[in-house]
Amino acid sequence: MTAATRAPSAARPRPAARRPGLPTLRLLRLELRHNAMAWLLPVVFALFWLVTYRKTMAMPPLWNVRAASLQTGIVADFAVPVTGAAAWMGSREARRRITDQVMITARSRWERLLVTWAATAIWAMLAYLGCLAAGYGVTAHQASGGGPLWWPAAVAAACVLLFCAVGFVAGAFLPSRFTAPLVAIAAFFVLALSTEPIHGSQSSWQVSPIVTGPWDAGVQAGVATFYPFQPDLSIAQVMFLAGLTVALLGVLALPAGSVGRALRAVAASCTVAGLLAAGTAVGLTGTGSMDAQGMLDIPALHDAAGDRPLAFTPVCGRTAIPVCLNPAYAAYLPATASALAPLLGELAGLPGAPARIVQEPVAYQQATGNSVALQLPRPAVSGPPVLPLVLPDQLGQPAMTAAQQANQVVTTYGPDLVADVIGDGHGASQAQNAVATGLMMAAGLRRLDVYQLPAGHAIPGRQPPTAPGGPDASRSPDVAPGTPAYAAAERFAALPSAVRHAWLGQHLAALRAGQLTLAQLP
Amino acid sequence: MPRENEGAVITRARLIWLYAVGRRVPVAVLVMVACAAGLRIALLWHWDTYGALQLPLIFETAAAVSIVATTADPFGEPERVAGRWLPFLRLAATVALTAAAVALLAAAGTGGHLAGGTLDVLRNVAGITGLGLLGAAVLGAGLSWTGPTGYLIAAVYALYTQWHPPALSTPWLWPARPPHDLGGATCAALVFAAGLVVITVRGARFRAGDAD
């Protein structure tokens with residue numbers, strides 16, 4: 001007996017070394033394999049392609065435009081499937097009537113639910129990153145200036161996580177066959193509704209994740225091109241979305257039995273902190289206002305260094321008078337320069353002609369109500385004569401091709417360029433009007449077919465035409481087909497370019513002074 | 001009425017009631033009433049063009065998914081084998097709920113500025129319900145909402161493109177077509193008929209956990 005009792009006892013098997021977090025990772029792996037969100041990826045991708053990708057890729061290849069469109073589009077596309085899938089996963093234990101079974105497992109209810117939420121969020125984020133990669137990847141190939149804007153991407157990512165949290169909490173607290181579809185539709189409803197109360201640039205409602213800038217201004221091509229992107233609004237949005245997400249995840253721990261007392265206190269603190277963060281973000285957004293660069297400045301989040309214009313070397317065309325654009329708009333340069341080349345060839349070197357035509361930004365100003373006023377740049381008073389150019393894209397007009405833009409530039413700026421040189425306009429002589437018309441004809445432009453700027457916009461110091469595409473009666477009323485002035489214009493246009501240019505060089509001063517008659521024109 | 005006939009009527013009524021309760025039909029009706037009330041309240045608001053066109057569609061889709069949710073079968077194979085009246089009950093319940101949804105939403109729009117009017121409501125609710133019924137047959141009733149809700153996003157975008165060309169004008173996106181458009185109405189009717197036939201004959205695909 002003694003010997004037996006003294007015999008060395010069999011060595012107790014040593015417990016396997018526990019790696020903290022490993023069981024949780026295994027649980028996460030299981031949840032990833034059995035997650036409804038994975039089955040909804042085709043729906044997400046189909047919606048992204050139909051609603052967002054096609055529209056965004058048809059926009060100009062400008063980072064700010066594409067990033068804003070992707071943010072808005074992805075938020076709208078993901079709202080329904082992600083919220084619905086998360087609600088479906090959140091209600092799983094109750095739907096399968098296994099609440100009591102899993103209650104006795106080693107993991108607390110909160111931990112289990114968080115892992116399921118995380119798996120849903122991972123699938124949703126993978127889908128989001130795929131969509132973002134497609135949008136940004138194609139844009140990187142097409143864009144000629146600037147770089148990816150990551151703040152709008154962060155807003156959309158935070159929003160996807162919030163959709164997961166909203167759906168999951170709804171599913172966990174209201175498990176029913178009706179929960180997933182109704183909470184998904186409700187999420188979309190709230191999202192669509194969130195822009196309705198926005199009035200002016202100081203609205204707190206702009207914290208909505210489908211807003212990418214001052215709501216009234218819409219997506220402007222000129223924003224964040226000449227000046228750095230201001231992330232003020234995006235920061236507030238991320239703060240709002242992350243705050244709500246944390247608050248909702250904390251709420252999961254609040255029911256009795258979900259977790260121990262200490263952790264429940266932590267979860268309650270998270271909920272309160274999240275709500276405070278979200279509330280602060282809403283308040284901060286309400287203090288913002290639209291700046292002259294068309295972005296929302298929130299004083300508490302604003303970095304004044306971002307107000308300085310970006311330094312860039314313009315890209316210039318090889319025309320007689322160089323046409324220079326911001327490198328981000330380089331894709332428009334060949335068409336614009338080519339369209340302006342005939343006219344610039346006629347005017348180059350003449351007194352009053354600009355030395356260069358340079359693209360400039362427009363200035364934004366909040367007008368009364370929900371409208372936004374755009375102010376066009378004025379020519380520099382001193383230095384070499386430079387004509388500031390604004391592309392139609394910068395005026396918030398519908399997307400158009402480079403050729404359409406170039407055509408609008410010519411019809412907008414052509415008459416003014418000629419008028420600056422010839423002195424055409426109110427009080428001009430018939431000879432001036434005829435020469436101006438002749439130059440336009442020679443440049444391949446129909447003199448009377450003048451493009452009208454949108455309402456409220458005007459080239460500084462000049463009157464806009466009276467009707468779109470109609471005759472500019474204010475400028476050359478005498479030059480109509482059949483009149484002597486028109487015949488003189490045709491005669492002038494028929495001259496060889498060198499002869500026309502030489503004649504203008506000799507007689508321009510007299511022509512501008514109104515000393516020449518129609519009979520004295522060549 | 002002879003006592004035997006009276007008993008048969010009571011039995012049938014009880015069968016219908018049990019079927020309705022088992023499929024959560026009363027809850028679906030409550031959801032539809034809530035949708036109608038929501039639409040009525042929304043119509044009192046002043047909306048821009050987007051809101052005026054898109055809001056009714058959102059409520060119509062919510063009503064449609066609540067109809068589709070009632071296709072979830074709590075008993076599975078035993079009921080399918082034993083319940084010979086089941087196809088008729090499925091058909092009657094779906095048609096009755098669709099009619100109720102259309103009636104409630106149309107009533108909610110009476111006197112308000114309901115974009116598209118009653119014809120629009122009829123076409124949209126029927127078509128989107130049809131999509132959900134087809135989804136229920138393929139995916140199970142639990143995930144049948146994915147079709148109608150995904151379609152909602154596509155349809156809202158199609159409405160948006162009416163102002164921002166190029167417009168999506170296929171009749172398969174019928175909510176973006178005018179109420180009297182024959183193509184849109186035909187597509188919606190075809191989808192509803194297909195969904196109705198499939199759900200009547202086969203029922204929703206049975207999946208554990210769909211029916212709570």
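Computed over heavy atoms, backbone and side chain alike; hydrogens, waters and symmetry mates excluded.
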Practice task
Identify which part of B:I58 has an atom lying under 4.5 Å from any heavy atom of chain A, answering side chain, backbone, both or neither.
Solution key: both
Practice task
For A:L50 and B:A154, work out which heavy atoms get closest and say how close.
Solution key: CD2-CB, 3.5 Å
Handout entry: Engaged part of A:L47 at the chain B interface, taking heavy atoms whose separation is under 4.5 Å
Key = side chain
Completion exercise
Nearest heavy-atom approach of B:G22 to A:R177 is O-NH2, 3.5 Å
Handout entry: Most chain A-contacting option - heavy-atom pairs closer than 4.5 Å, from B:P148, B:S144, B:A28
Key = B:A28
Handout entry: A:W123 atom CH2: more than 12 heavy-atom contacts under 6.0 Å
Key = no
Problem - Leading residue by heavy atom contact count with chain B [cutoff under 4.5 Å; candidates A:D77, A:V51, A:V80] - result: A:V51
Fill in the blank from the handout: Minimal heavy-atom distance between B:L168 and A:R54, with the atoms involved, is CD2-NH2, 3.8 Å
Handout entry: B:W145 versus A:A85, closest heavy-atom pair with distance
Key = CH2-N, 3.4 Å
Handout entry: Which portion of A:R92 sits near chain B, non-hydrogen atoms under 4.5 angstrom
Key = neither
Fill in the blank from the handout: Bottom line for B:V156: the part with an atom under 4.5 Å from chain A's heavy atoms is side chain
Handout entry: Non-hydrogen atoms of A:K55 and B:Y157 that approach each other most closely
Key = CB-OH, 3.7 Å
